[in-house]
Amino acid sequence: MTDYRPAATRYDTMLYRRCGRSGLKLPAISLGLWYNFGGVDPFENGREIIHRAFDLGITHFDLANNYGPPFGSAEENFGRILAQDLTRYRDELIISSKAGYVMWPGPYGEWGSRKYLVASLDQSLKRLGLEYVDIFYSHRPDPDTPLEETMGALDFIVRSGRALYAGISTYDPEQTHQAAAILRRLGTPCLIHQPRYNMFDRWIEYGLIDVLEAEGIGCIGFSPLCQGILTDKYLRDIPDDSRSGKWKGQLHWGDSVSDERIARVRKLNELAVQRGQTMAQMAIAWVLRHPVMTSALIGASRVDHVESAVAALDRLEFSSGELEAIERILAS
Ligand SMILES: NC(=O)c1ccc[n+]([C@@H]2O[C@H](COP(=O)([O-])OP(=O)(O)OC[C@H]3O[C@@H](n4cnc5c(N)ncnc54)[C@H](OP(=O)(O)O)[C@@H]3O)[C@@H](O)[C@H]2O)c1
């Protein structure tokens, strides 16, 4: 058993935003367990980060079948933390998982078939020690499986009680429109879309936001810090213990700590300081400036990353001059 007791003040300062036109509210800051919570990472560090997050009102924890490494280990570790410390708070938590990327060998271990999605979620539930997740996502669109099958699997997953809500991730505007229509027809509305969104990756501004607003779907933007690049951590060098240092610059999504990017971050950092914020806090506030954005989905390797992210909520507003200055720097 545990000596962890969540802070009595946990709901005092966090903002909760409605997820599209649903009944569900999510914290403006959510915590993802893609990195730093796997079998290769120090368990106690991850546990402390989760405790601090919940103490600060972060009620939403985002996982996927393959988070680790190794695959599945972030769910196993989170399941351990839930069992040790958070069982009695289950109804205060929104826990999500996903399937779509490769998880096990053979034709049924990735993409969007009903066979894969249902089997994968059953495995996730075992690792998490849960009867249901709150949100289950199709992690990526599958060009070869009929959308009706993938959305039909999400509908079945919700109706069978394995998940409360259905979501999609990284679907483009047209795929999102079609997925939403199928899910609506089936009677399981699409609750949420999880796209990547940060100052260096603004693809959702070209069509997706319009679809989400029209369909009443919420949005949780992942990697608001561009995996740490939109912080002050790389302004001098690449620390060995940073994500880029640890993975020898091999970051996903084509991210790299390039001189051009760091030159822009240096200028953005000056603006953040003028606003009385850190670079990371301004990057998070910037993502949350759009009303469609239900939550910014951050990652953290240390407790103070979570504290800093939550403190971004103290200064969310931007003047038009500040927004223009950001546009000029990003275009430079
Ligand atoms: N749906 C999808 O396809 C998909 C894909 C990717 C991610 N996601 C979700 O999004 C979540 C967040 O992704 P992400 O980890 O890339 O988010 P992020 O917030 O852009 O980056 C988090 C990383 O930035 C660094 N950092 C955070 N706060 C900092 C601070 N104040 N100062 C300096 N460095 C700081 C840390 O890296 P260091 O290790 O360098 O300290 C941290 O691990 C994931 O956990 C996952 O749940 C979803």
Side-chain angles (χ1 to χ4, degrees), residues 26 29-38 40-42 45-46 49-50 52-53 58 60-68 74-75 77-78 94-102 110 133 135-141 167-171 192-201 203-204 219-249 251-255 257 261 265 269 272 277-288 295-312:
L26 292 180
I29 307 289
S30 300
L31 179 65
L33 280 70
W34 181 27
Y35 279 92
N36 309 313
F37 296 86
V40 298
D41 301 300
N45 185 53
I49 292 172
I50 284 164
R52 190 70 184 126
I58 295 180
H60 178 27
F61 297 94
D62 181 71
L63 292 119
N65 54 358
N66 59 354
Y67 290 176
E75 288 183 332
N77 282 338
F78 189 67
I94 298 295
I95 299 163
S96 57
S97 191
K98 322 182 190 80
Y101 288 93
V102 67
E110 65 176 322
V133 291
I135 305 170
F136 185 68
Y137 289 91
S138 162
H139 207 160
R140 60 171 168 173
I168 56 178
S169 179
T170 66
Y171 280 53
I192 192 164
H193 192 303
Q194 186 177 126
R196 178 167 137 112
Y197 187 52
N198 60 55
M199 287 180 183
F200 289 141
D201 187 352
W203 72 277
I204 71 168
C219 186
I220 178 163
F222 71 79
S223 299
L225 304 176
C226 197
Q227 306 199 55
I229 299 171
L230 285 163
T231 71
D232 55 13
K233 103 173 326 150
Y234 295 113
L235 290 184
R236 260 184 290 165
D237 54 10
I238 299 184
D240 289 343
D241 64 350
S242 64
R243 189 178 298 182
S244 183
K246 275 194 240 171
W247 297 91
K248 312 274 178 265
L251 296 177
H252 283 82
W253 303 91
D255 284 332
V257 185
R261 278 190 166 179
V265 176
N269 187 47
Q277 280 184 320
T278 64
M279 178 63 235
Q281 288 167 340
M282 185 173 81
I284 290 169
W286 184 88
V287 161
L288 287 170
S295 186
L297 178 49
I298 62 155
S301 63
R302 296 175 4 189
V303 165
D304 64 270
H305 290 165
V306 171
E307 293 168 343
S308 151
V310 173

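Below, each value reflects all heavy atoms present in this structure, side chains not excepted, and no hydrogens, waters or symmetry copies. When a ligand or atom number is given, it counts from 1 through the structure's own listing order.
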- Task: Ignoring angles and geometry beyond distance, decide whether Gln194 reaches within less than 3.5 Å of ligand 1 through its nitrogen or oxygen atoms.
- Result: yes
- Of all the non-hydrogen atoms in the protein, which one sits nearest to atom 37 (O) of ligand 1, and at what distance? Lys233 NZ, 3.9 Å
- atom 1 (N) of ligand 1: the protein heavy-atom neighbour that sits closest, reported with distance to 0.1 Å: Ser169 OG, 2.8 Å
- So, are Glu110 and Arg140 salt-bridged, with charged N and O less than 4.0 Å apart? yes
- Which ligand 1 atoms does Gly228 reach within 4.0 Å, using its non-hydrogen atoms? 21 (O), 24 (O), 25 (C)
- Can you tell which part of Thr231 has a heavy atom less than 4.0 Å from ligand 1: side chain, backbone, both or neither? side chain
- Query: Can we call the ring centroids of Trp34 and His252 under 6.0 Å apart?
  - Reply: yes
- Task: Number the atoms of ligand 1 from 1 as they appear, then name those within less than 4.0 Å of a heavy atom of Ser242, with their elements.
- Result: 40 (O)
- Query: Looking at His139, which atoms of ligand 1 are within less than 4.0 Å of one of its heavy atoms?
  - Reply: 1 (N), 2 (C), 3 (O)
- Message: Check this for me - ligand 1, Asp241, N or O atoms closer than 3.5 angstrom, yes or no?
- Response: no
- Task: Calculate, to the nearest 0.5 Å, the distance between atoms OG and CD belonging to Ser308 and Gln277 respectively.
- Result: 9.0 Å
- Query: Mind checking whether Tyr101 has an N or O less than 3.5 Å away from an N or O of ligand 1?
  - Reply: no
- Got a second to check how far Ile284's CD1 is from Met279's CE, nearest 0.5 Å? 10.0 Å
- Message: Both conditions, 6.0 Å and 45 degrees, for the charged tip of Arg243 above the ring of Tyr35: are they met here?
- Response: yes
- Query: Short list, please: which atoms of ligand 1 are under 4.0 Å from a heavy atom of Trp253?
  - Reply: 3 (O), 5 (C), 6 (C)
- Message: So if I count the atoms of ligand 1 from 1 in the order they appear, which ones are less than 4.0 Å from some heavy atom of Asp62?
- Response: 9 (C), 46 (C), 47 (O)
- Message: In this structure, is the centre-to-centre distance between the rings of Trp253 and Phe200 below 6.0 Å?
- Response: no
- Query: Considering only heavy atoms, does Ala300 approach ligand 1 within less than 4.0 Å through its side chain, its backbone, both, or neither?
  - Reply: backbone
- For Ser169, does its backbone N or O pair with a side-chain atom of His193 as donor and acceptor, under 3.5 Å? no
- Task: Establish, from distance only, whether the side-chain atoms of Glu75 and Ser97 form a donor-acceptor pair under 3.5 Å.
- Result: yes
- Query: Can you check whether Ser223 has an N/O within less than 3.5 Å of an N/O in ligand 1?
  - Reply: yes
- Message: When you measure from the heavy atoms of Tyr137 to every atom of ligand 1, does any distance fall below 4.0 Å?
- Response: no
- Message: Is it the case that ligand 1 has an N or O less than 3.5 angstrom from some N or O of Ala280?
- Response: no
- Tell me which one of Leu63, Leu297, Asn36, Leu225 gets a heavy atom nearest to atom 12 (C) of ligand 1. Leu297
- Query: Does the side chain of Asp62 come under 3.5 Å of the side chain of Gln194 through a donor N or O and an acceptor N or O?
  - Reply: yes
- Task: Using a strict 4.0 Å cut-off to heavy atoms of Tyr67, name the atoms of ligand 1 that fall inside it.
- Result: 4 (C), 8 (N), 9 (C), 46 (C), 47 (O), 48 (C)
- Task: Please name all residues satisfying side-chain hydrogen bond (donor to acceptor under 3.5 Å, both in side chains) with Asn77, sequence neighbours left out, ordered by chain then number.
- Result: none
- Message: Minimum distance, heavy atoms only, to atom 28 (N) of ligand 1: which one of Arg243, His305, Lys246 is it?
- Response: His305
- Side chain of Lys98, backbone of Leu63: donor and acceptor closer than 3.5 Å? yes
- Message: Distance check, rounded to the nearest 0.5 Å: His305 atom NE2 versus Asn36 atom CG?
- Response: 9.0 Å
- How does Tyr35 reach ligand 1, if at all, at less than 4.0 Å between non-hydrogen atoms: by side chain, backbone, both, or neither? neither
- Note on the structure: Looking only at non-hydrogen atoms, the one of Ala312, Gly32, Cys226, Gly299 nearest atom 42 (C) of ligand 1 is Gly299
- Item | Trp34-ligand 1 polar pair, N/O distance under 3.5 Å | yes
- Task: Report the nearest protein non-hydrogen atom to atom 10 (O) of ligand 1: residue, atom name, distance rounded to 0.1 Å.
- Result: Phe222 CB, 3.2 Å
- Is the distance between the ring centroids of Phe61 and Phe78 less than 6.0 Å? yes
- Query: With sequence neighbours left out, what residues match Arg196 under salt bridge (Lys or Arg N to Asp or Glu O under 4.0 Å)?
  - Reply: Asp201, Asp255
- Query: Judging by distance only, is a nitrogen or oxygen of Thr170 under 3.5 angstrom from one on ligand 1?
  - Reply: no
- Task: Heavy-atom contacts with Gln227 under 4.0 Å: which atoms of ligand 1 show up? List them by number with element.
- Result: 16 (O), 18 (P), 20 (O), 21 (O), 23 (C), 24 (O)
- Ser308 contact mode with ligand 1 (heavy-atom cut-off under 4.0 Å): side chain
- Nitrogen or oxygen of Ser301 less than 3.5 angstrom from that of ligand 1: yes
